[in-house]
2 protein chains.
Amino acid sequence: MLGNMPDTQNRKAQILQTAATLFRERGYQAASMRDIATAMHIEAASLYHHIKSKEEILEIICFDMAEQFLSAIVEVNDIYFNAEEKLRMAILNHVRLITQNQERSAVFLHEWRSLPEVSLNSFLALRNQYENGFKQIVKEGIEEDIFGQVEPKFAVLSILSSVNWINEWYKLEGKMSVEEIAKNISDFVLGGLRKKLITDLGYKP
Amino acid sequence: MLGNMPDTQNRKAQILQTAATLFRERGYQAASMRDIATAMHIEAASLYHHIKSKEEILEIICFDMAEQFLSAIVEVNDIYFNAEEKLRMAILNHVRLITQNQERSAVFLHEWRSLPEVSLNSFLALRNQYENGFKQIVKEGIEEDIFGQVEPKFAVLSILSSVNWINEWYKLEGKMSVEEIAKNISDFVLGGLRKKLITDLGYKP
DNA sequence: CATATTGCCTAACATTTGTTAGACAAATAT
DNA sequence: ATATTTGTCTAACAAATGTTAGGCAATATG
């Protein structure tokens, strides 16, 4: 009763991973309990010994990822000082989380819409906290005079959309490492597309 | 037989719009034919006098939007000369299309996954053409020495993800005009977040 | 006026959905 | 060895799904 709890937990983890993969591939609604079961070489009814309902699967995945993203940004805002350093670190953490578990991240990014109303509200609150973590960094950058005069909300949404897009095209076999991807995005976000005509380090007009 | 065709077409257009709204709100799979019918104060069976199937609705919306996006980028690449001008115009067109019909755009952006396999392939081909239109602009910008040395594919995906994110937060009542939004995004994409220490116009090191 | 067409209706269909009940075998605990 | 727990199974359910068949009233056409 205590010795086999890990096994049960393990089985539950397998269900969550299989479900995440299918939710990502076909969407939450289109992926049926029978699909999940078949992928595990099991009958649909057997799933219910490990989870309460299909909605519970979605909730666990979404909130688990939300907490991971959230604790990462809190950590960054606690540890680092410079706004640029913070932003680069926050982006790196985000890319890490997305690439480390693309399936669950995809569910977190897209399938939360299917959460039942009550969970949906708390989920959106968490996501909002995460966005605020980024907004704080951008604001600090503006105050520190490192960033230009941008609309913080606008900048944050642009940054997050760029970072989240990774999930659509990143493949494990790709040539770029996670760190390289994060650096590329950070450079792009910080430096933009236009050619720099001067290295801004230490330059005073 | 000829005089009331417009009416039929009109009714079909209404179905497409209603469907788009519901597809956006709940996702293609979750929005049922009965939902669409109810929203039109009609019975589900009546829909089939105007459309062949639920999948056909999705196909029409997706391909119609794809063609609009595509013809816009082709036009830009034909008319304008300067790469920055081209990019700003392409972004403006994109923002216009998205804000002009948010529901259909949302379906184009997210619900195409549910297309049946055959349509899916041709749709992805069109989307690829659109991305290539942007890639061409970025490449030109690099050749013209207006843009820095960026990975074109990378830049394009970052740009498109930023622009597409509009669909998540743009509301008609908002303060920003479509032109302002497009300018903000263009500035962000071109200039990045970091403070400009020098106006690059005409500066030679 | 007679006729054809249009747009919608009711009724029904086969299938798929999430979920429950109850049984049975293997593993574990007493 | 006996009893209990665990993981799975089969069978079945009620509800919802996309879709079809056939009918009926209003409108447009000749």
Side-chain angles (χ1 to χ4, degrees), chain A residues 1-20 22-23 25-62 107 111 113-120, chain B residues 1-20 22-23 25-62 107 111 113-120:
Chain A
M1 173 195 161
L2 211 136
N4 53 357
M5 279 299 282
D7 276 331
T8 307
Q9 287 302 82
N10 213 35
R11 204 74 176 125
K12 185 165 181 173
Q14 284 173 37
I15 293 177
L16 294 176
Q17 185 58 38
T18 309
L22 290 173
F23 288 175
E25 260 176 42
R26 317 180 189 177
Y28 173 77
Q29 300 276 354
S32 74
M33 294 299 275
R34 280 166 182 86
D35 291 337
I36 300 171
T38 303
M40 300 183 69
H41 308 286
I42 245 181
E43 293 301 313
S46 306
L47 295 171
Y48 288 84
H49 263 258
H50 305 279
I51 48 101
K52 225 186 69 203
S53 66
K54 193 187 177 187
E55 277 181 348
E56 196 206 27
I57 298 179
L58 183 63
E59 287 174 348
I60 293 176
I61 296 173
C62 286
V107 175
E111 304 302 328
R113 291 166 176 271
S114 299
L115 285 169
E117 208 192 323
V118 186
S119 322
L120 183 63
Chain B
M1 175 192 162
L2 211 139
N4 53 357
M5 278 299 281
D7 277 330
T8 306
Q9 287 301 80
N10 211 35
R11 205 76 177 121
K12 186 165 181 175
Q14 284 173 37
I15 293 177
L16 294 175
Q17 185 57 38
T18 309
L22 289 173
F23 289 173
E25 258 176 44
R26 317 181 188 174
Y28 173 76
Q29 300 277 354
S32 74
M33 293 299 274
R34 281 167 182 82
D35 291 338
I36 300 171
T38 304
M40 299 184 69
H41 309 286
I42 245 180
E43 292 301 312
S46 308
L47 295 170
Y48 288 84
H49 264 258
H50 306 278
I51 49 102
K52 225 186 71 204
S53 65
K54 192 188 179 187
E55 277 182 348
E56 196 205 27
I57 298 179
L58 183 62
E59 286 174 346
I60 293 177
I61 296 173
C62 286
V107 175
E111 304 303 329
R113 292 167 176 271
S114 299
L115 285 169
E117 209 192 323
V118 186
S119 322
L120 184 62

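In what follows, chains carry the letters A, B, and so on, assigned in the order in which the sequence lines appear, proteins first and then strands, with residues in each chain numbered from 1. Atom set for the values below is all heavy atoms of this structure, side chains included, hydrogens, waters and symmetry mates excluded.
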Using whole Å, report how far [atom1] of [X] lies from [atom2] of [N].
X        : N       : atom1 : atom2 : answer
Phe23(A) : dT17(C) : CZ    : P     : 13 Å
Arg34(B) : dC13(C) : CZ    : P     : 14 Å
Ile15(B) : dT19(D) : CD1   : P     : 13 Å
Ile51(B) : dC8(C)  : CD1   : C1'   : 14 Å
Leu47(B) : dT6(C)  : CG    : P     : 18 Å
Glu56(A) : dG18(C) : CD    : P     : 15 Å
His50(B) : dC9(C)  : NE2   : P     : 10 Å
Met33(A) : dA14(D) : CE    : P     : 20 Å

query = Which one, dT17(C), dT19(C), dT17(D), comes nearest to the side chain of Ser32(A)?
reply =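 Taking heavy atoms from C-beta onward, the closest nucleotide is dT17(C).
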
request  = Using a heavy-atom cut-off of under 4.0 Å over every strand shown, decide if Ser46(A) touches base, sugar-phosphate, or nothing.
outcome  =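 Base contact.
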
query = So what does Ala37(A) hit on the nucleic acid, given a heavy-atom distance under 4.0 Å: a base, only sugar-phosphate, or nothing?
reply =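 No contact at all - Ala37(A) keeps every heavy atom at 4.0 Å or more from the nucleic acid.
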
message = Please check: side-chain N/O of Glu111(B) versus main-chain N/O of Tyr28(B), any donor-acceptor pairing under 3.5 Å?
response =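 Such a contact is found between Glu111(B) side chain and Tyr28(B) backbone.
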
task = Ignoring backbone atoms, test whether Arg11(A) places a side-chain nitrogen or oxygen under 4.0 Å from the OP1 or OP2 oxygen of dT8(D).
result =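 Yes, because at least one side-chain N or O of Arg11(A) sits under 4.0 Å from OP1 or OP2 of dT8(D).
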
Look up atom [atom1] in [X] and atom [atom2] in [Y], then write down how far apart they are to the nearest 0.5 Å.
X        : Y        : atom1 : atom2 : answer
Glu59(A) : Ile61(A) : CD    : CD1   : 11.0 Å
Asn10(A) : Lys12(A) : CG    : NZ    : 12.5 Å
Arg11(A) : Leu16(A) : CZ    : CG    : 12.0 Å
Leu47(A) : Arg34(A) : CG    : CZ    : 10.5 Å

query = Which angle, rounded to 10°, do you find between the first-five-pair axis and the last-five-pair axis of the helix from dC1(C)-dG30(D) to dT30(C)-dA1(D)?
reply =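 Between the first-five-pair axis and the last-five-pair axis there is 10°.
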
message = Measuring only between side-chain heavy atoms, which start at C-beta, is Met33(B) closer than 4.5 Å to Ile51(B)?
response =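 Of all side-chain heavy-atom pairs linking Ile51(B) with Met33(B), at least one is under 4.5 Å.
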
message = If you assign Lys54(B) and Ile42(A) each to the DNA chain D nucleotide with the nearest heavy atom, which residue ends up on the more 5' nucleotide?
response =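 Looking at the nearest nucleotide for each, Ile42(A) comes out on the 5' side.
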
request  = Please name all residues satisfying side-chain hydrogen bond (donor to acceptor under 3.5 Å, both in side chains) with Arg26(B), sequence neighbours left out, ordered by chain then number.
outcome  =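 For Arg26(B) the side-chain hydrogen bond (donor to acceptor under 3.5 Å, both in side chains) partners, ignoring immediate neighbours, are Asp35(B).
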
message = So, under a plain 3.5 Å distance rule, would you say the side chain of His49(A) forms a donor-acceptor pair with the base of dT8(D)?
response =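 In this structure, the two groups form a donor-acceptor pair.
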
